[in-house]
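For this chain, numbers begin at 1 and follow the sequence in order.
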Amino acid sequence: YMLNIHIEQITHELTWRLRQQVLYPGRTMKDMAMSEDEDGIHYGAFVENKLVAIASTFRQGNDIQVRKVAVDPSLQHQGVGSRLLQYITDRARESGATRIWCNARKSATGFYLRAGFKPNGDAFTRNGIDYIIMDKPL
């Protein structure tokens, strides 16, 4: 059974609920704002008009950084995040970017590996969460 997933650009404020629920459950909604949000392009995946996955992208030259990817826990492991990441990758390629990258949570490295990302650089820990830089040429 394939989910009917619709992906579109959204405002950064719309990302906050899933950011908080999935990535930072111990934090408050107002902690979810990032000063750089205004400079990003934010995407949402919708199933039956409900926002179920989010990601934010930030461009630096020919690089697109993907940040704050979150999928509603009830829909994880059903391809929603993969479809969203593929959509973002396609938009990045169309925009002339040559590389897409992220600071992947260690727990999410399999997700990025399946999407063709490779580890590139050192692992690091920030706020008690382990990350590794991963990227993919476009």
Side-chain angles (χ1 to χ4, degrees):
Y1 159 73
M2 282 292 293
L3 289 170
N4 185 13
I5 301 166
H6 169 74
I7 298 170
E8 64 184 54
Q9 195 173 328
I10 60 173
T11 65
H12 64 270
E13 293 91 348
L14 278 177
T15 68
W16 295 347
R17 184 185 59 81
L18 278 173
R19 243 182 223 180
Q20 188 271 333
Q21 182 186 359
V22 178
L23 300 176
Y24 306 100
R27 308 265 296 278
T28 66
M29 281 287 276
K30 70 177 192 305
D31 290 336
M32 295 302 105
M34 297 190 295
S35 54
E36 57 269 44
D37 270 340
E38 298 284 346
D39 305 320
I41 298 175
H42 309 273
Y43 296 93
F46 295 82
V47 172
E48 289 162 9
N49 295 320
K50 180 175 189 258
L51 181 61
V52 297
I54 49 138
S56 299
T57 62
F58 299 87
R59 185 170 192 132
Q60 296 128 334
N62 289 322
D63 286 356
I64 302 268
Q65 182 184 12
V66 181
R67 298 182 62 186
K68 309 295 183 192
V69 177
V71 178
D72 185 305
S74 69
L75 286 172
Q76 288 176 6
H77 311 293
Q78 295 187 46
V80 179
S82 298
R83 285 273 299 282
L84 180 58
L85 188 58
Q86 185 59 55
Y87 182 92
I88 288 168
T89 301
D90 292 343
R91 298 295 80 72
R93 194 178 285 116
E94 287 166 8
S95 79
T98 54
R99 174 177 171 255
I100 190 166
W101 71 281
C102 65
N103 293 323
R105 288 184 179 209
K106 278 272 177 70
S107 59
T109 51
F111 168 76
Y112 290 104
L113 287 168
R114 286 190 296 279
F117 285 66
K118 300 272 185 289
N120 172 16
D122 296 326
F124 62 96
T125 301
R126 186 183 298 151
N127 299 324
I129 299 167
D130 294 327
Y131 296 91
I132 186 155
I133 297 168
M134 298 183 76
D135 69 0
K136 175 180 176 172
L138 296 173

Tell me if a side-chain donor or acceptor on [X] pairs with a main-chain N or O of [Y] at a distance below 3.5 Å.
X: Gln76; Y: Val71; value: yes
X: Thr15; Y: Ile54; value: no
X: Lys118; Y: Asp135; value: no

Six-ring centre of Phe124, Arg126 cation under 6.0 angstrom, axis tolerance 45°: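 Here Arg126 fails the 6.0 Å and 45° test against Phe124.
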
Please say whether the positively charged group of Arg17, taken as NZ for Lys or CZ for Arg, lies over the ring of Tyr24, i.e. under 6.0 angstrom from the six-membered ring centre and within 45 degrees of the axis.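 Arg17 over Tyr24 ring: no.
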
Which value, rounded to the nearest 0.5 Å, describes the distance between [X] atom [atom1] and [Y] atom [atom2]?
X: Asp63; Y: Thr98; atom1: CG; atom2: OG1; answer: 6.0 Å
X: Thr57; Y: Ile41; atom1: OG1; atom2: CD1; answer: 5.0 Å
X: Glu38; Y: Thr11; atom1: CD; atom2: OG1; answer: 10.0 Å
X: Arg93; Y: Leu138; atom1: CZ; atom2: CG; answer: 5.5 Å
X: Ile7; Y: Arg91; atom1: CD1; atom2: CZ; answer: 8.5 Å

Where [X] and [Y] come nearest, the two heavy atoms and their spacing:
X: Ala55; Y: Val66; result: CB-CG1, 4.4 Å
X: Ala123; Y: Lys106; result: CB-NZ, 3.7 Å
X: Met134; Y: Ala104; result: SD-CB, 3.7 Å
X: Ile5; Y: Ala45; result: CG2-CB, 4.0 Å
X: Leu51; Y: Gly44; result: CD1-CA, 3.6 Å
X: Val22; Y: Ala70; result: CB-CB, 3.8 Å

Between [X] and [Y], is there shared hydrophobic-cluster membership here, with clusters defined by ILVMFWY side-chain heavy atoms closer than 4.5 Å?
X: Leu23; Y: Phe58; answer: no
X: Tyr43; Y: Trp101; answer: no
X: Tyr131; Y: Met34; answer: no
X: Leu3; Y: Phe111; answer: yes
X: Leu14; Y: Met29; answer: yes

For a side chain to side chain contact (heavy atoms under 4.5 Å, CB included) check, start with the C-alpha distance between His42 and Asp37, then their side-chain angles and the critical distance, and finish with the verdict. CA-CA 8 Å; His42 309 273; Asp37 270 340; 3.4 Å; yes

Show the numbers, then the answer: is there a side chain to side chain contact (heavy atoms under 4.5 Å, CB included) between Ile133 and Asp122? CA-CA 7 Å; Ile133 297 168; Asp122 296 326; over 6 Å; no

Could you walk me through whether Gln86 and Asp90 pass side-chain hydrogen bond (donor to acceptor under 3.5 Å, both in side chains), step by step? CA-CA 6 Å; Gln86 185 59 55; Asp90 292 343; 2.8 Å; yes

Side chain proximity check, [X] to [Y], heavy atoms < 4.5 angstrom:
X: Gln65; Y: Ile100; result: no
X: Ser74; Y: Val52; result: no
X: Arg99; Y: Asn120; result: yes

Which of parallel (below 30°), tilted (30 to 60°) and perpendicular (above 60°) describes Phe46 and His6?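 Rings of Phe46 and His6: tilted, as their planes differ by 30° to 60°.
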
Salt bridge (Lys or Arg N to Asp or Glu O under 4.0 Å) between Arg59 and Asp39, intermediate numbers included: CA-CA 9 Å; Arg59 185 170 192 132; Asp39 305 320; over 6 Å; no

Step by step, work out the side chain to side chain contact (heavy atoms under 4.5 Å, CB included) result for Val69 and Tyr112. CA-CA 11 Å; Val69 177; Tyr112 290 104; 3.5 Å; yes

Ser56 and its side-chain hydrogen bond (donor to acceptor under 3.5 Å, both in side chains) partner, picked from His12, Arg19, Glu36: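 In the set His12, Arg19, Glu36, the residue that makes a side-chain hydrogen bond (donor to acceptor under 3.5 Å, both in side chains) with Ser56 is Arg19.
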
Go through it in stages, so that I can follow the logic: the residues are Phe117 and Thr109, the test is side chain to side chain contact (heavy atoms under 4.5 Å, CB included), and I'd like the CA-CA distance, side-chain angles, deciding distance and then a yes or no. CA-CA 9 Å; Phe117 285 66; Thr109 51; over 6 Å; no

